[in-house]
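Data first, discussion second: the structure below is written as structure tokens.
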Amino acid sequence: EEILGVLVPRLTDLTKSDCIWQRICWRLVECVPDRWMEAVVLGFVQRAPGADVLSRLLGSLVMKNKKAQFVVTQKMLLLQYGHTTAVLQNLFGYLSLDSLRRTLLLRVLQELLETWSSSSAVKHSPAEQQLYISKAILICLSHLKEPEIESCRQELLTSMMEGVKCHLDSSLPQLRRLGMVVAEAISLKINTEGPVLKFEYEEEDETRELKSLLVQTPSFCVVPSLPDDDRSEKADAAPPLVLERSHTAAPVMPDEESDAELDSDDDLIPYDMSEDKELKIKAPVYIRDCIEVLTGSRAEDVDTWEATVKALESLVRKNPAATREVSVELAKILLHLEEKTCIEGFVELRQRAQVAVLTTDPIPVAKYLTSQFYSLNYSLRQRMDILDVLVLAAQELSCPKFHGKTKHSGAQKPCIQLLPGSDSSKGWRRIVDERIKSKTRRFDMGQSHVELASRPNEFNSVAGYFFFPLIQHFDRPLTTFDLLGEDHLVLGRLVHTLAILMYLAVNTVAVTAMGKALLEFVWALRFHMDSYVRQGLLSCISSLLLSVPTERILADMTEELLETQSWLGDVMEKDPDGDCRRLALQNLLLMENLKKKL
């Protein structure tokens with residue numbers, strides 16, 4: 001760093017217009033011994049102000065020295081992923097500026113695409129490396145010319161199809177989005193005239209930066225001191241200038257022509273609809289009427305159907321006795337209910353109604369939903385809906401409901417409420433007390449506290465019905481559902497659901513049995529290839545350590561806990577996913593706290 005910090009700027013100035021100094025510089029780097037070649041080449045690539053300067057300084061070193069070629073085409077791109085976008089642009093710009101070096105450019109692209117389209121690489125490499133490889137592919141594509149693309153069109157198409165499949169199979173949204181962006185870019189380069197791939201995804205800063213890399217930056221504009229974000233902003237800001245010019249240059253249609261196209265019906269006087277009122281559809285007032293509307297002969301009435309969907313949750317909560325009579329039937333209807341009209345927030349309305357039914361009659365409805373999770377003929381979306389409803393209902397059942405009155409609330413300033421209308425005798429004592437309170441000077445009001453109505457934890461008696469059926473059949477594949485196979489996204493959601501249920505079961509009777517079963521479940525899946533599943537398994541360990549009483553952990557699970565501690569140490573050191581390493585460290589710290597309690 002010290003040497004190149006002085007040498008590179010000086011050589012940049014000397015080689016700008018003197019070919020002799022260029023040859024001296026080439027000779028200088030060619031004579032570097034192989035053991036130091038990596039440090040020198042990497043230093044030049046990182047410090048060169050642009051690709052043209054790097055080409056002047058290094059010449060065709062990569063064609064003459066095998067070690068330099070390995071560093072530039074293999075190590076910096078496939079074995080490392082910490083370099084900035086500016087370094088990648090320097091590197092690919094350097095390879096593209098000479099006809100001999102362009103052969104390496106094509107070879108590098110093929111190797112990058114091979115890694116990008118490898119399902120094993122996607123599963124086992126961290127998300128940061130996937131992003132780095134995606135950036136490298138897009139920059140490399142921006143330097144390719146039409147004849148070069150034509151020569152490898154079929155290989156590009158094959159790699160694109162394989163790569164987009166394994167990226168879309170990933171459970172991580174970031175990897176799926178990376179796959180979509182790169183596939184769109186490759187498709188745009190391959191099909192210059194025909195239709196191109198187009199995916200639907202949210203535009204984020206990362207996505208916009210990736211798309212900007214496909215537009216090649218002129219080599220004389222590359223400045224190393226310019227941050228990546230500024231580059232992307234400038235790249236994004238350039239196209240609108242062209243759009244504005246083309247917009248101003250567009251011919252304007254004369255007013256006579258536009259008037260001629262108007263319909264003569266515009267002369268008619270519109271009806272006065274100012275006093276019209278929207279007809280209000282009365283929602284059903286009984287649970288059985290709701291079932292009839294959602295399933296029976298009245299289902300064709302769209303307005304009544306909408307009103308029923310919107311009112312169902314409140315009806316269920318107001319009529320618990322009537323709901324219990326038909327709870328399982330109602331849960332079945334809601335699980336299969338599809339949106340017939342465009343209701344705003346339909347998914348949320350249906351989910352809230354399902355949660356209301358489950359909390360009103362927990363045991364039979366939980367039995368039904370958990371049995372349907374492993375049944376045939378359900379979509380993955382329906383199975384994940386079941387998990388979401390179970391979690392939300394468990395959360396509602398386990399949380400205390402506040403029905404108390406606040407006493408000695410010193411936080412609020414005293415205020416006087418005037419009596420409404422003629423009801424002068426009502427609440428007179430409260431108003432007098434408020435006036436006395438506002439005039440009285442107190443040095444200590446005491447802490448505000450809420451008197452809670454004593455009520456048991458409603459999740460205590462039903463926790464097992466939520467938890468154990470979900471954990472029973474995970475290793476039994478069905479014709480349309482294989483948790484240990486291709487449906488690992490649902491497995492990840494299941495594991496996270498079990499972790500939440502375990503956490504909510506704190507202080508319940510079944511918590512120790514749940515902890516034992518969960519530990520066996522985690523142990524069976526601890527080497528799963530999907531990082532989302534592994535994150536869920538580590539969350540399960542956290543929930544277990546936080547929920548199960550320390551005495552029961554030490555008495556009933558000592559051996560399992562020691563094995564788990566060894567596994568967590570391996571995860572913390574070797575797991576490619578950063579979140580998994582962080583969760584493993586967190587669990588080890590929780591275990592240390594257990595030791596301190598001994």
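Here the structure is a predicted model, which is why all the values come from computation and not from measurement. FYI, the numbering just counts along the sequence from 1.
- Of the possible donor and acceptor atoms, none in the side chain of Asp385 sits under 3.5 Å from a partner among the backbone N and O of Gln351.
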The test is side chain to side chain contact (heavy atoms under 4.5 Å, CB included); show your working for Val511 and Phe467 and say whether it passes. CA-CA 10 Å; Val511 69; Phe467 183 85; over 6 Å; no
Stepwise side chain to side chain contact (heavy atoms under 4.5 Å, CB included) check, Tyr378 with Leu335: CA-CA 10 Å; Tyr378 280 96; Leu335 183 60; 3.6 Å; yes
Between Glu184 and Val196, does a side chain to side chain contact (heavy atoms under 4.5 Å, CB included) hold up when you go through it step by step? CA-CA 7 Å; Glu184 282 182 355; Val196 296; over 6 Å; no
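- Taking the ring-ring contact (aromatic ring centres under 6.0 Å, His included) definition, one finds that Phe373 meets it with Phe481, sequence neighbours left out.
- One N or O on the side chain of Thr370 and one on the backbone of Lys367 form a donor-acceptor pair closer than 3.5 Å.
- Under the 3.5 Å distance criterion, the side-chain polar atoms of Arg526 are matched with a main-chain donor or acceptor of Trp523.
- Looking at heavy atoms from C-beta onward, Leu387 lies out of side-chain contact with Val391 at the 4.5 angstrom threshold.
- For Asn319 (side chain) and Ala322 (main-chain N/O), no donor-acceptor pair under 3.5 Å exists by modelled atom type.
- Annotation for Tyr465: atom OH does not count as buried by contact number, only 12 or fewer foreign heavy atoms lying within 6.0 Å.
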Starting from the C-alpha separation in whole Å, work towards a yes-or-no answer on side chain to side chain contact (heavy atoms under 4.5 Å, CB included) for Leu546 and Val506. CA-CA 8 Å; Leu546 292 169; Val506 63; over 6 Å; no
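- For His496 and Arg493, the side-chain atoms include no donor-acceptor pair closer than 3.5 Å.
- The closest donor-acceptor contact from the side chain of Ser187 to the backbone of Leu197 lies under 3.5 Å.
- Taking CG from Leu583 and CE from Met572, the interatomic distance works out to 13.0 Å, rounded to the nearest 0.5 Å.
- For the atom pair CD of Gln354 and CG of Leu312, the computed distance is 10.0 Å after rounding to the nearest 0.5 Å.
- Side chains of Glu458 and Ser398: no donor on one and acceptor on the other come within 3.5 Å.
- When all heavy atoms are compared, the tightest approach of Ala356 to Glu313 is CB-CG, 4.0 Å.
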Set out, in order, the CA-CA distance, both residues' side-chain angles and the distance that settles salt bridge (Lys or Arg N to Asp or Glu O under 4.0 Å) for Arg581 and Glu573, then state yes or no. CA-CA 7 Å; Arg581 295 195 299 271; Glu573 293 177 1; over 6 Å; no
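- Closest non-hydrogen pair, Leu470 versus Thr497, comes out as CD1-CG2, 4.4 Å.
- Shortest non-hydrogen contact noted between Tyr503 and Ser547 is CA-OG, 3.3 Å.
- Counting heavy-atom neighbours within 6.0 Å of Tyr201 OH, excluding the residue itself, gives a total above 12.
- Residues Leu491 and Asp487 fail the side-chain proximity criterion, which asks for heavy atoms closer than 4.5 Å.
- Using a cutoff of 4.0 Å between basic side-chain nitrogens and carboxylate oxygens, Lys123 and Asp530 are not scored as salt-bridged.
- When all heavy atoms are compared, the tightest approach of Ile343 to Glu339 is N-OE2, 3.1 Å.
- Arg177 and Glu202 are not joined by a salt bridge, as no carboxylate oxygen comes within less than 4.0 angstrom of a charged side-chain nitrogen.
- Rounding to the nearest 0.5 Å places CG of Asp579 at 11.0 Å from CD of Gln586.
- When side chains are defined from C-beta on, Thr323 does not count as touching Arg317, because their heavy atoms never get closer than 4.5 Å.
- Distance CD/Glu325 to CG/Asp361: 10.5 Å, rounded to 0.5 Å.
- To the nearest 0.5 Å, the span separating CG on Asp577 from CG on Leu172 amounts to 6.5 Å.
- Other residues, nucleotides and ligands place no more than 12 heavy atoms under 6.0 Å from the CG atom of Asn507.
- Cys540 places a side-chain heavy atom less than 4.5 Å from the side chain of Val495.
- Inter-residue side-chain proximity for Val316 and Leu330 is flagged as met; some heavy-atom pair is nearer than 4.5 Å.
- Leu594 has its side chain within reach of Leu561: a pair of non-hydrogen atoms, C-beta onward, lies under 4.5 Å apart.
- Remark: aromatic rings of Tyr532 and His488 are distant, center separation not under 6.0 Å.
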Give the table of side-chain donor-acceptor pairs shorter than 3.5 Å for residues 512-521, with sequence neighbours excluded, one pair per line with atom names and distance.
none

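- With hydrogens and angles disregarded, a donor-acceptor distance shorter than 3.5 Å links the side chain of Arg324 to the backbone of Thr360.
- In the displayed structure, Glu203 atom CD is contacted under 6.0 Å by more than 12 heavy atoms of other residues, nucleotides or ligands.
- One finds the OG1 atom of Thr295 at 4.5 Å from the CD1 atom of Ile333 (value rounded to the nearest 0.5 Å).
- Counting all heavy atoms, side chain and backbone alike, Ala499 lies closest to Ser543 at O-OG, 2.8 Å.
- Panel note: side chain Glu563, backbone Glu560; no donor-acceptor pair is recorded below 3.5 Å.
- Looking only at distances, no side-chain donor or acceptor of Arg176 sits under 3.5 Å from a matching main-chain atom of Asp169.
- A side-chain donor from one of Glu206 and Gln174 sits under 3.5 Å from a side-chain acceptor of the other.
- Taking 4.5 Å as the limit, some side-chain heavy atom of Ile287 sits within range of a side-chain heavy atom of Leu315.
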List the steps and the verdict of side chain to side chain donor-acceptor pair (under 3.5 Å) for Thr508 and Asn460. CA-CA 5 Å; Thr508 61; Asn460 178 31; 4.6 Å; no
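- A salt bridge is absent between Glu292 and Arg288: the closest approach of a Lys/Arg side-chain nitrogen to an acidic carboxylate oxygen does not fall below 4.0 angstrom.
- Residues Ser375 and Gln372 meet the side-chain proximity criterion, which asks for heavy atoms closer than 4.5 Å.
- Closest of all the heavy-atom pairs between Trp116 and Val122 is O-CG2, 3.8 Å.
- At least one donor-acceptor pair under 3.5 Å links the side chain of Ser542 to the backbone N or O of Leu538.
- Other residues, nucleotides and ligands contribute at most 12 non-hydrogen atoms within 6.0 Å of the CD atom of Glu486.
- The environment of Phe474 atom CZ is dense: over 12 non-hydrogen atoms of other residues, nucleotides or ligands sit within 6.0 angstrom.
- No donor-acceptor distance shorter than 3.5 angstrom exists from the side chain of Thr359 to the backbone of Ala393, with no hydrogens or angles considered.
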